[in-house]
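All values below were derived from every heavy atom in this structure, side-chain atoms included, with hydrogens, water molecules and symmetry-related copies excluded. In the text below, chain A, chain B and the rest are named by the order of the sequence lines, each starting its count at 1.
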2 protein chains.
Amino acid sequence: MSDFRAIPKSPSIPEIVLEEIQRLIAEGKVRPGDHLPSETELAERFGVGRSSIREAMRVLQLIGVVEVIQGKGTFVRQAGILPLMIDWSRISQTGLISEAMEARQFMEVLLARLAAERATHDDIEALRRSLRQSEESLSNMESNVRAGVDFHLVLADAAHNQILALMYRTITDLYLEVARRMRITPEMAHDRFHDHERLLEAVASRDPQAAADIMKDHLDKAYQILSAGEPETKSA
Amino acid sequence: MSDFRAIPKSPSIPEIVLEEIQRLIAEGKVRPGDHLPSETELAERFGVGRSSIREAMRVLQLIGVVEVIQGKGTFVRQAGILPLMIDWSRISQTGLISEAMEARQFMEVLLARLAAERATHDDIEALRRSLRQSEESLSNMESNVRAGVDFHLVLADAAHNQILALMYRTITDLYLEVARRMRITPEMAHDRFHDHERLLEAVASRDPQAAADIMKDHLDKAYQILSAGEPETKSA
DNA sequence: CCTTATCAGGTCATCAGACATCTGACAACA
DNA sequence: TGTTGTCAGATGTCTGATGACCTGATAAGG
């Protein structure tokens, strides 16, 4: 049973249009200040409806890639970093996955240390609950991955810095995409569960250094498995 | 003559819908996992067309606030930091500034350490250039602030992790908003310049611990000035 | 009894068309 | 010359129609 991975859903038309426009900008085909073709013309050129163009433009407008002025037209702007962050998929394309994993690692070690310093009684209770839920789903791989991620998110909240927690959550979204391709054995699940137990212990006994060390060790393991699963970035 | 102020342009309907939905989520009226009303029903309730709802939903979907499943409906998700980044103002509204400052501090110390480990010859050259530019603008406060920030950004790039650099950059955008209200004396500018010199030294001599320590000290000073400038968060 | 087909209802995906509103340019007018 | 009228073209918005997809109930078949 199970070797049936979920079928990746193809991107919707507005998403395709979105990436197409961003590609044009990235390749310098259209430059900041340029006047984009009208929505009607774009719709004709792409062979899609005007509403699809509009949905894409609305997104581009909000993330600052274009400026839309009623009656005048749509103009390309000097974009910031939002476009990159929104389109995580581009991160894998540009080979930033290992950097994202590394960033996640640093964030998580920091969050573990902070959690050990600041966790309230309620936080520790929440961690305990999450751990118990993880234990119950040890047999079911699918839900176990979710439960495992949940533990990390609860830990992030226990660090009592919402900005850091939100940033961590953003990176984790990407991690889940990558982790989906991993094959997880029951031993690995059990091992991870044990790590979580030790983490909870360190947090509960307010030992920041231990929490950080355990987390670092915990993530090193996961990272090794990950890079072993996809052997490509080797050699110089 | 003149009492005719420009009429402020009202936000478009999809933008209003967007904020309305986000408000509902922020206020906990709808919670993660909840099933949003159908597009048709939302259109009727808000008294707008379905296409306006769709444009708003497309944005919410892309920034991870909702998950849209064809045939099933639209569901609220646990969002990351993207919604906040799109609307920075909300960070100050929700009193997250001190947390953002703390996050910036952690990120920057980490980046300084990494930079000391990984900086190439070119990176160090870029740092030197930035420092020199900062020295030239020591007399001009306005451009000096910019130059000072630039040094930190160059340092972030020298850490050779684009994801961390991106995250740092986003936080720094907010920091600039806050820093604008600070009154900067020539002594402070000179002091900061000296800190930057020491940082460059630590990086050039590949001393991660020293770089991290100097940066921590450097930011502590700035943070003290900042909290002194706006005395409000005192007492319990 | 269990499995499979089929159907109906609800929902999102997309398109086409219509009208409103805004902008800029140019013609018409005084 | 300067103001006003008009129009083309752009975005803003709404509506209706069609298709694709998911769910649950029910019927047909083994």
Side-chain angles (χ1 to χ4, degrees), chain A residues 1 4-21 24-25 30 32-77 86-87 89 142, chain B residues 1 4-21 24-25 30 32-77:
Chain A
M1 202 210 286
F4 296 88
R5 280 163 304 164
I7 295 172
K9 61 172 186 296
S10 51
S12 64
I13 287 184
E15 276 166 6
I16 296 174
V17 173
L18 191 84
E19 290 195 13
E20 202 60 16
I21 305 275
L24 287 177
I25 294 174
V30 292
D34 278 5
H35 189 164
L36 247 49
S38 77
E39 295 178 350
T40 314
E41 187 176 343
L42 281 176
E44 284 172 2
R45 280 210 221 171
F46 284 124
V48 301
R50 200 183 136 212
S51 40
S52 299
I53 300 287
R54 278 192 63 76
E55 284 178 28
M57 285 305 173
R58 177 70 66 187
V59 172
L60 289 173
Q61 181 186 23
L62 225 82
I63 64 180
V65 174
V66 302
E67 180 171 12
V68 183
I69 305 175
Q70 182 180 169
K72 283 183 76 172
T74 307
F75 302 85
V76 179
R77 283 184 41 175
I86 283 193
D87 197 13
S89 65
E142 173 73 19
Chain B
M1 204 211 284
F4 296 88
R5 281 164 300 166
I7 295 174
K9 66 170 187 294
S10 51
S12 64
I13 290 185
E15 277 166 5
I16 296 174
V17 172
L18 191 81
E19 289 195 15
E20 201 62 16
I21 304 273
L24 289 176
I25 294 175
V30 292
D34 276 8
H35 188 224
L36 246 50
S38 76
E39 295 178 349
T40 315
E41 188 177 342
L42 281 176
E44 285 172 0
R45 282 210 220 172
F46 284 126
V48 301
R50 200 164 75 85
S51 41
S52 299
I53 300 288
R54 277 191 63 75
E55 283 180 28
M57 284 306 171
R58 176 70 64 186
V59 172
L60 290 173
Q61 181 187 22
L62 240 83
I63 64 180
V65 174
V66 302
E67 181 172 11
V68 183
I69 306 177
Q70 182 179 163
K72 278 183 80 172
T74 306
F75 302 84
V76 179
R77 281 185 45 175

Straight-line distance of A:Arg58 CZ to B:Arg58 CZ, nearest 0.5 Å | 13.5 Å
For the atom pair CG (A:Leu42) and OG1 (A:Thr74), what is the distance rounded to the nearest 0.5 Å?
-> 7.5 Å
Please state how far atom [atom1] in [X] lies from atom [atom2] in [N], giving the value in whole angstrom units.
{"X": "A:Phe46", "N": "C:dC15", "atom1": "CZ", "atom2": "C1'", "answer": "17 Å"}
{"X": "A:Glu44", "N": "C:dT14", "atom1": "CD", "atom2": "C1'", "answer": "17 Å"}
{"X": "B:Leu62", "N": "C:dA13", "atom1": "CG", "atom2": "P", "answer": "12 Å"}
{"X": "B:Glu67", "N": "C:dC12", "atom1": "CD", "atom2": "P", "answer": "13 Å"}
{"X": "B:Leu42", "N": "C:dT11", "atom1": "CG", "atom2": "P", "answer": "11 Å"}

Heavy atoms of A:Asp34 and A:Val30 approach each other most closely as OD2-CA, 3.6 Å
Taking all heavy atoms of A:Ile16 and all of A:Pro11, pick out the closest pair and write down the distance.
-> CD1-O, 3.9 Å
Pair listing, ring-ring contact (aromatic ring centres under 6.0 Å, His included) test, anchored in residues 34-65 of chain A, at least two apart = A:His35-A:Phe75
Residues from residues 49-59 of chain A sitting under 4.0 Å of DNA chain C, heavy atoms only?
-> A:Gly49, A:Arg50, A:Ser51, A:Ser52
Residues passing the side chain to side chain contact (heavy atoms under 4.5 Å, CB included) test with A:Gln70, sequence neighbours excluded, are none
Footprint ends on DNA chain D, 5' to 3', for atoms under 4.0 angstrom from a heavy atom of chain B, come out as D:dT13 to D:dT23
Would you say the side chain of [Y] lies within less than 4.5 Å of the side chain of [X], judging by non-hydrogen atoms?
{"X": "A:Ser51", "Y": "B:Arg54", "answer": "no"}
{"X": "B:Ile21", "Y": "B:Val65", "answer": "no"}
{"X": "B:Glu55", "Y": "B:Val17", "answer": "no"}

Please write out each protein N/O paired with an N/O of nucleotides 21-25 of chain C under 3.5 Å, distance rounded to 0.1 Å.
from	atom 1	to	atom 2	distance (Å)
C:dT21	O2	A:Gln70	OE1	2.9
C:dC22	O4'	A:Gln70	OE1	3.4

Please list, chain by chain and in numerical order, all residues satisfying side chain to side chain donor-acceptor pair (under 3.5 Å) with B:Glu44, sequence neighbours excluded.
-> none
Using a strict 4.0 Å threshold on nitrogen-to-oxygen distance, state whether A:Glu67 and A:Arg77 make a salt bridge.
-> no
